[in-house]
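Have a look at the structure below, then the notes.
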Amino acid sequence: MASRQAHARERDAARLTPLAALLVAGCAGAPSPMLPASEVAGELATLGWWLLAIASAVVVGMTVLVLVPLRWRAESLEETPVSRRGGPRGIAVGVGVTALVLAGIFLSTLVTLNDTAEPPREPDVTIEIVGHQWWWEVRYLGPDSSVVATTANEFHVPVGEPVRLIVGSADVIHSLWVPRLHGKIDLIPGRSNHFWLQADRPGRYRGQCAEYCGMQHAHMELYVEAVPPPDFRAWLERVSGPAPEPEDPLARRGRAVFMNRECVTCHTIRGTDARGERGPDLTHFASRETLAAGMYPNDRAHLTSWVVDATGLKPGARMPEMALEPEALHAVVAYLQSLR
Ligand code: CUA
C-alpha cells in the first residue's frame, strides 16, 4: 500500500515537473524589461510602468466618460437642448487634456532617452557585434581597434563596467535586445550603430533579435555573461589565444577530417588552416553553452545532429549537410568538443 502511494506520488511529481520547470523558466532569469539588472534598464522600466499607468488611467477615464452619461442621458436626452450636449467647450477641454497627456509622455520619453544614451564613463571594453541570418558574430576590439578575440552568440562582460557596442549587419536588418540590461539597437547593413551596456549584477542575461529578419528570427538568441572584472580579463585572455591542441587521438583525427572538408571554407579556428568567415568562429566553440544561437544545448547529441543535418534542427540555417562516415563524424564531434 505504502509503495503504491509512493508510486502515485512519484507519478504526480513526474507529471508536475515539466510544468514546474516551465513556470520557473518563465519567471527566474526571464528576459523581461520589468526585471532590470542595470541602472539604465531600471530607468526604462520606470518609464514603462508610468506609461502603463497613464494609458490605464486614460482607458478607465474614457470608459467612465462614455458609460456614465449614457445611463442618465438615455432618459433625459429627449428634453436636453442640442446646444447643451457638450458643445465647443467640451471639445476644447478634451483636446487640452489629450494634448497635455501626450506632451507629458513625449517629454518624459525624451528625458529618459537622453539619460540612457551615453555610458556614465568612457568604456574600457569595445565589442563589435555583427548580425547574421540567424546568429550573432561577436568581436572584441583592442585599443587600436584591431580584433583581439572573436566568438558567437554568447559573450562575457565585466560586472559594473560600461561596455561599448558597435553593431552592424552582414545581411538584413536585425535588432539587438537584452531586455534586463538596456533597450534595443538596430543592426543595419552598411552602417555602424553605437550603443552600450552595463550589467550591475553578475549573471547570464538572455537577449533576442527584436526585428523580424527571416525564417529563424525567433531562434536568434544571445547570452551576455556578466562576471567580476578579474574573471572577465582572464576569460578574454583565454579566448584571445589560439585553439587548444587536441590531446585525444580521436579528436586529432577529427581535426584532420575537419581541415580536409568544406568546413574550412566557412569557419575559422585560430591557430589552424581553417579561416572561413561565413559561419561562426569555432576557436573556443566547446566553451559555449548553446548551439544554433541559443536554440539547443551544446552537447554531443545535438552537435552530432547539427553537423550531419543542421537544417533538420534549424530549417533555413545556412550550414550545409555534411555527408560523413560514422567514424569521421564521431571524430569531428570529438574535435569540436575539445575546443575549449
Ligand atoms: Cu535577426 Cu530577427
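Note that ligands are numbered from 1 as they come in the structure, with each ligand's atoms numbered from 1 the same way. Along the sequence shown, the residues carry numbers beginning at 1.
- The only option from His174, Arg318, Glu137, Arg278 that meets the side chain to side chain donor-acceptor pair (under 3.5 Å) definition with His132 turns out to be Glu137.
- Aromatic pair Tyr212/His217: centroids less than 6.0 angstrom apart.
- Under the ring pair (Phe, Tyr, Trp, His ring centres under 6.0 Å) criterion, Phe195 pairs with His182, not counting sequence neighbours.
- Inspection of the environment of atom 2 (Cu) of ligand 1 yields the following protein N, O or S atoms under 2.8 Å: Cys209 SG, Glu211 O, Cys213 SG, His217 ND1.
- Among pairs with a residue in residues 300-325, those fulfilling ring-ring contact (aromatic ring centres under 6.0 Å, His included) read Tyr296-His302, at least two apart in sequence or across chains.
- A donor atom on one side chain and an acceptor atom on the other are not found under 3.5 Å apart for Thr311 and Glu321.
- Pairs passing the side chain to side chain donor-acceptor pair (under 3.5 Å) check and including a residue from residues 53-65, sequence neighbours excluded, do not occur.
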